[in-house]
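The next block holds one structure in the form of structure tokens; read it before the comments.
Keep in mind the model is a prediction, meaning the values are calculated, not measured. First the proteins, then the strands, lettered A, B, ... as listed; each starts at 1.
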2 protein chains.
Amino acid sequence: MSINSCIVERFSELRELDEQEKDLLANLERDLKSYPTGERLQAIGDPASQFFTLHSGWACSVRVLADGQRQVLDIFLPGQVMGLREMGFDKSHAEIVALTDVEACPFPRTRLKELLEEAPRLGELFFIVMAREQAMLTERMISIGRRPALKRIAHFLLEFKVRLGCSDDEFEFPLNQPVIGDALGLSAVHVSRTLSTLRKRGLVASENGTIRLLDVEHLIDLAEFERGYLDCHMRWAQE
Amino acid sequence: MSINSCIVERFSELRELDEQEKDLLANLERDLKSYPTGERLQAIGDPASQFFTLHSGWACSVRVLADGQRQVLDIFLPGQVMGLREMGFDKSHAEIVALTDVEACPFPRTRLKELLEEAPRLGELFFIVMAREQAMLTERMISIGRRPALKRIAHFLLEFKVRLGCSDDEFEFPLNQPVIGDALGLSAVHVSRTLSTLRKRGLVASENGTIRLLDVEHLIDLAEFERGYLDCHMRWAQE
DNA sequence: CGTGGGGTTGATTCTTATCAATTCGGGTGG
DNA sequence: CCACCCGAATTGATAAGAATCAACCCCACG
């Protein structure tokens, strides 16, 4: 393949893949299209007949309520398959929106079905991927339901440190405050205030799209962040 | 099989099953154990090496925070597989608790793997089941994040009407107010007040474990409940 | 008969939303 | 180069929604 495939990279973290499996996965990421920031890749009510692999940039799925309020459901990073949740439904229940300039590859859901027939051993990996995404959903549900704003945001930031796999404590973070609010069930104004107190406490620093976690241990403590959260071990799939 | 199998019933709603598939599924529900109300089927940190099929009664998965607050993640009804989300992780991230007297069948996760090897066509159905559960999670995340208590509870009640598949507007509803609160990110006290205003408005009535929706149309309107939500069509799996 | 869990109700407090005004920085066009 | 505009972020003042605390009732159950 000419481009390096993010999805192959991701899945390789779960289990050693053979060449056929790698090829099949990489095919899901072959025909990249570019979408500018803010572009809507999928609208509510669209027939749920296609998925997307995200190759570069950040995206999210979001549900808009009657009064204009928004709830962000997922934040997608490169290597993720977007739309898997719509599997089993006729119509999409959420929009998919590009949060930065994005390269993604749309593919029909039948392709996934074919792929699983050709390489049934990949099915298990898709299960694990879905389970991991559910774990992120439930963790955010816990945040929104039971944690105050400060812990919510601290937890949210730590989650990205883990998801991005950066050993460093400074990373690109292109989410603006309204998006953070819509992901965490807060108003943009309150996100601003809360980030500001995190800054005042010397826990984080940020400048134009980059965030730096100044005291990870303290943050983990504050957020009751579970170490090992999201560790999907290769062991599992290899048993 | 001697007992009728709830899980076979459930899966049959998604696709016509052949006899082998039915047998394999029914096997997951063969060795029923009884758990009294309040019993913990699984604890946090338990090795995530087994799942449960729920045969009768209601159960939930719940996460307890350091300060004792709780967030209920799922409410399980008969025919559901409990613990699927832990797939891919070493340790369980949530408790599973019996909300009523319960009959359930624990089985090792390896059984699921074997089953999928013997009947690969069932894999797709498990995907759809997981997607449907994710849809319920996201819908509740939207409630908790963005809907006021009245709409939250209205939506919650309507969801059970759909999940229970009861054409009637009156059904068994064994959840007490603390549990409802923990599922919806509210305090038990506020659940009481909110249910009371729903009653005052003539929208619902309830007595000892039974609830009656007096004005479903109005409730749907109030909750912005999407008709067709959770309709996983047989069509999908049959394509 | 006590006991404890669930439910209700009232008073008060706390967190967060909302509304509004201001600043800042980055683009755009004259 | 500057005036302008716009979106994002900040800050203050106020309001709304829900939590908390507390008292009480009811009832099933030992």
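Side-chain atoms of B/Arg199 and base atoms of C/dT8 include no donor and acceptor less than 3.5 Å apart. Taking only distance into account, the side chain of A/Arg193 meets the base of D/dG12 through a donor-acceptor pair shorter than 3.5 Å.
Contact annotation for A/Gly38: no contact, since no heavy-atom pair falls under 4.0 Å across all strands. A/Leu195 comes within 4.0 angstrom of nothing in the nucleic acid, heavy atoms only. Here B/Ala149 lies in heavy-atom contact (under 4.0 Å) with sugar-phosphate atoms only. Counting non-hydrogen atoms under 4.0 angstrom, A/Gly181 reaches nothing in the nucleic acid. Nucleic acid contact class of A/Val189 (heavy atoms, under 4.0 Å, all strands): base.
Salt bridge A/Arg163/A/Glu139: absent, no basic N to carboxylate O contact under 4.0 Å.
The 12-atom threshold is exceeded at NZ of A/Lys151, counting heavy atoms of other residues, nucleotides or ligands nearer than 6.0 Å.
Regarding B/Leu175, its CG atom lies at a distance of 16 Å from the C1' atom of C/dG5, rounded to whole Å. Here C/dG6 presents its P atom at 20 Å from CD of B/Glu207, a figure rounded to the nearest Å. Between B/Leu184 atom CG and D/dA18 atom P the separation is 11 Å, expressed in whole Å. Rounded to whole Å, atom P of D/dA16 lies 17 Å from atom CG of A/Asp67. Summarising the geometry, the separation between CG on B/Asn208 and C1' on D/dC26 is reported as 13 Å, rounded to the nearest angstrom. Atom-to-atom, CD1 of B/Ile144 to P of D/dA18 comes out at 13 Å; the value is rounded to the nearest Å. Atom CD in A/Gln69 sits about 9 Å away from atom P in C/dA17, given to the nearest Å. The interatomic distance linking B/Arg147 (CZ) with D/dG17 (C1') rounds to 17 Å, in whole Å.
Sequence order on DNA chain D of the closest nucleotides to A/Arg146 and A/Asn176 puts A/Asn176 first from the 5' end.
A sub-4.0 Å separation between OP1 or OP2 of C/dT8 and a side-chain N or O of B/Ser196 is absent. Checking the phosphate oxygens (OP1, OP2) of C/dG5, no side-chain nitrogen or oxygen of B/Gln177 falls inside 4.0 Å. Taking 4.0 angstrom as the limit, B/Ser187 places a side-chain polar atom (N or O) nearer than this to OP1 or OP2 of D/dA19.
A donor-acceptor pair shorter than 3.5 Å cannot be found between the side chains of B/Arg63 and B/Gln71.
Candidate nucleotides C/dA17, D/dA19, D/dT11 were compared by shortest atom distance to the side chain of B/His190, and D/dA19 ranks first.
Under the 3.5 Å distance criterion, the side-chain polar atoms of A/Arg109 are matched with a main-chain donor or acceptor of A/Ala48.
Aromatic ring centroids of A/Phe171 and A/Phe160 lie 6.0 Å or more apart.
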